[in-house]
Protein chains: 2
Amino acid sequence: MDLQVNNAIKELMGKNDVRITNQRKRVLEILIENKDKHISVEEIYSLSKKKGNVIALPTIYRTMDILERIGTVIKHDFGDGAAKYEFFMKEEENHHHLICEKCGKIIEISNALQDDLDERILNENGFLCEKKQLKIYGYCKECINVLNE
Amino acid sequence: MDLQVNNAIKELMGKNDVRITNQRKRVLEILIENKDKHISVEEIYSLSKKKGNVIALPTIYRTMDILERIGTVIKHDFGDGAAKYEFFMKEEENHHHLICEKCGKIIEISNALQDDLDERILNENGFLCEKKQLKIYGYCKECINVLNE
DNA sequence: ATACCTGCAAATGCTTTGCGGATGG
DNA sequence: CCATCCGCAAAGCATTTGCAGGTAT
């Protein structure tokens with residue numbers, strides 16, 4: 001656990017004029033403890049409070065911006081008001097999300113896109129792909145059943 | 001032009017308790033006049049003003065909700081603050097967007113997803129796909145050239 | 001006639017900013 | 001020591017809501 005924090009911290013250190021502070025370490029810890037979840041700024045705030053050491057909301061927002069910029073975190077907008085963040089792990093590159101329009105559940109999937117998509121787009125449009133976000137809205141297994149009742 | 005407005009109007013009419021009003025017709029007209037663009041509520045507001053008959057912002061928001069609900073319009077969030085709307089045409093189903101992170105340009109593409117994706121997801125996840133949004137962030141042709149200078 | 005709609009003003013909710021004091025390197 | 005950071009309070013901005021009067025059917 002602490003290893004991951006330290007790795008991310010080192011990434012942070014690499015950048016100019018970005019300091020390692022207690023607040024930033026604590027945000028990272030919370031993100032790693034919730035690496036399987038999509039977590040909002042508000043939730044990070046509550047968790048920091050629960051741990052006995054509140055981090056101010058503006059500080060969390062500023063930290064998330066940095067973490068997103070250096071690629072430690074992915075920012076998602078699932079259309080429910082607040083942005084959601086996800087700790088980024090290389091193995092999970094190119095995973096995408098199914099969003100249930102009834103219950104709000106989010107399901108992760110992988111291999112939804114063709115492997116040569118980047119290449120094709122570069123050839124056909126001269127566009128260099130950096131980041132791909134596929135969101136599929138619909139109904140999950142449980143909600144389909146409820147709808148059919 | 002008016003034909004399309006009338007068609008969409010008829011769709012509106014089909015739904016219970018949804019009335020056809022001047023404001024809603026005018027919003028639809030503006031959308032159709034800009035059917036090749038991604039347009040914000042603020043822009044619809046300005047255009048209505050320019051045409052000499054302002055529509056109040058809350059009315060536009062409420063109208064967009066209805067149009068989105070009945071599928072006349074697609075709502076996009078390109079991450080620049082305000083939602084963007086696009087008049088929906090069936091032939092354009094399953095088109096997606098390349099977003100240049102430098103200049104903000106939006107390029108439309110099609111055939112980016114496999115045809116059997118919905119089916120595969122239904123089989124593998126029991127999830128019923130309704131709407132798919134693929135957004136690809138990166139750099140357009142022009143901005144790649146600028147970066148290389 | 002009545003249910004729905006509009007526009008205004010005000011509220012909401014997420015996010016950002018300015019600034020004085022605190023802190024990391 | 002000095003640039004950067006934190007937390008507070010306040011501002012910003014897109015969007016939503018309550019309500020009184022207006023309109024479609």
Side-chain angles (χ1 to χ4, degrees), chain A residues 5-6 8-30 38-49 51-70 73 75-85 104, chain B residues 5-6 8-30 38-49 51-70 73 75-85 104:
Chain A
V5 178
N6 283 330
I9 291 266
K10 268 166 208 152
E11 276 200 88
L12 268 167
M13 287 175 70
K15 317 286 158 179
N16 288 335
D17 302 329
V18 174
R19 290 187 180 163
I20 296 169
T21 66
N22 268 307
Q23 285 86 336
R24 289 176 183 170
K25 274 193 229 168
R26 277 186 272 132
V27 168
L28 259 176
E29 268 172 28
I30 291 175
H38 301 90
I39 188 172
S40 69
V41 165
E42 199 65 35
E43 286 164 337
I44 296 172
Y45 176 76
S46 306
L47 287 170
S48 77
K49 202 189 290 187
K51 286 180 147 202
N53 221 332
V54 201
I55 307 166
L57 282 170
T59 303
I60 301 175
Y61 278 107
R62 290 188 271 235
T63 302
M64 299 321 284
D65 286 348
I66 296 172
L67 293 178
E68 191 196 358
R69 185 149 41 82
I70 66 177
V73 124
K75 182 179 185 175
H76 292 288
D77 174 9
F78 294 127
D80 59 349
K84 297 282 185 303
Y85 294 89
Chain B
V5 177
N6 283 330
I9 291 268
K10 268 166 208 151
E11 275 201 88
L12 266 168
M13 286 176 70
K15 316 286 156 178
N16 287 335
D17 302 331
V18 175
R19 290 186 181 164
I20 298 170
T21 67
N22 269 308
Q23 286 86 335
R24 289 176 183 171
K25 275 193 226 164
R26 278 186 272 132
V27 168
L28 259 176
E29 267 171 29
I30 290 175
H38 301 91
I39 188 172
S40 69
V41 166
E42 199 65 36
E43 286 164 338
I44 295 172
Y45 176 76
S46 306
L47 287 170
S48 77
K49 202 189 290 185
K51 289 180 144 200
N53 221 332
V54 201
I55 306 165
L57 282 169
T59 302
I60 302 176
Y61 278 107
R62 290 187 271 233
T63 303
M64 299 321 286
D65 285 349
I66 296 171
L67 295 178
E68 192 196 357
R69 186 151 40 82
I70 67 177
V73 123
K75 181 179 187 176
H76 292 289
D77 174 10
F78 294 128
D80 58 350
K84 298 281 184 303
Y85 294 89

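Just so we're on the same page: letters track the sequence lines, and every chain starts at 1.
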Over all heavy atoms of both residues, which pair between [X] and [Y] is shortest? Give the atoms and the distance, please.
X      : Y      : answer
Y45(B) : I55(B) : CD1-O, 3.1 Å
H38(B) : E43(B) : O-OE1, 3.9 Å
S48(A) : V54(A) : OG-CA, 3.6 Å
R19(B) : R24(B) : O-NH1, 2.8 Å
K75(B) : A83(B) : CE-CB, 3.7 Å

(message) For N53(B), is there any backbone N or O sitting under 3.5 Å from a side-chain donor or acceptor partner on R26(B)?
(response) yes
Test item: S40(B) side-chain N/O and A82(B) main-chain N/O as donor-acceptor pair under 3.5 Å: no
What nucleotide, of [options], holds the atom closest to the side chain of [X]?
X      : options                 : result
I55(B) : dA3(C), dG25(C), dG7(C) : dG7(C)
R19(A) : dT23(C), dG7(C), dC6(D) : dT23(C)
A56(B) : dC8(D), dG7(C), dC5(D)  : dG7(C)

When rounded to whole Å, the CE to P distance for the pair M64(A) and dT16(C) reads 12 Å
Look at the side-chain N and O atoms of [X] and state whether any lies under 4.0 Å from the OP1 or OP2 oxygen of [N].
X      : N       : result
Q23(A) : dT23(C) : no
T59(A) : dG7(D)  : yes
T21(A) : dC6(D)  : yes
R24(B) : dT6(C)  : yes

When rounded to the nearest 0.5 Å, the distance separating CD of Q23(B) from CG of L28(B) is 12.5 Å
Whichever of N22(B) and P58(B) has the more 5' nearest nucleotide on DNA chain D, that residue is P58(B)
Take a 6.0 Å sphere around NZ of K51(A) and say whether it holds more than 12 heavy atoms from other residues, nucleotides or ligands. yes
Paired runs of 3 or more consecutive Watson-Crick or G-U pairs involving DNA chain D, with both pairing distances under 3.5 Å, are C:1-25 with D:1-25
Check: protein-nucleotides 12-15 of chain D nitrogen or oxygen pairs below 3.5 Å:
unit_1: dT15(D); atom_1: OP1; unit_2: A83(B); atom_2: N; d: 3.1
unit_1: dT15(D); atom_1: OP2; unit_2: Y61(B); atom_2: OH; d: 2.6
unit_1: dT15(D); atom_1: O5'; unit_2: Y61(B); atom_2: OH; d: 3.3

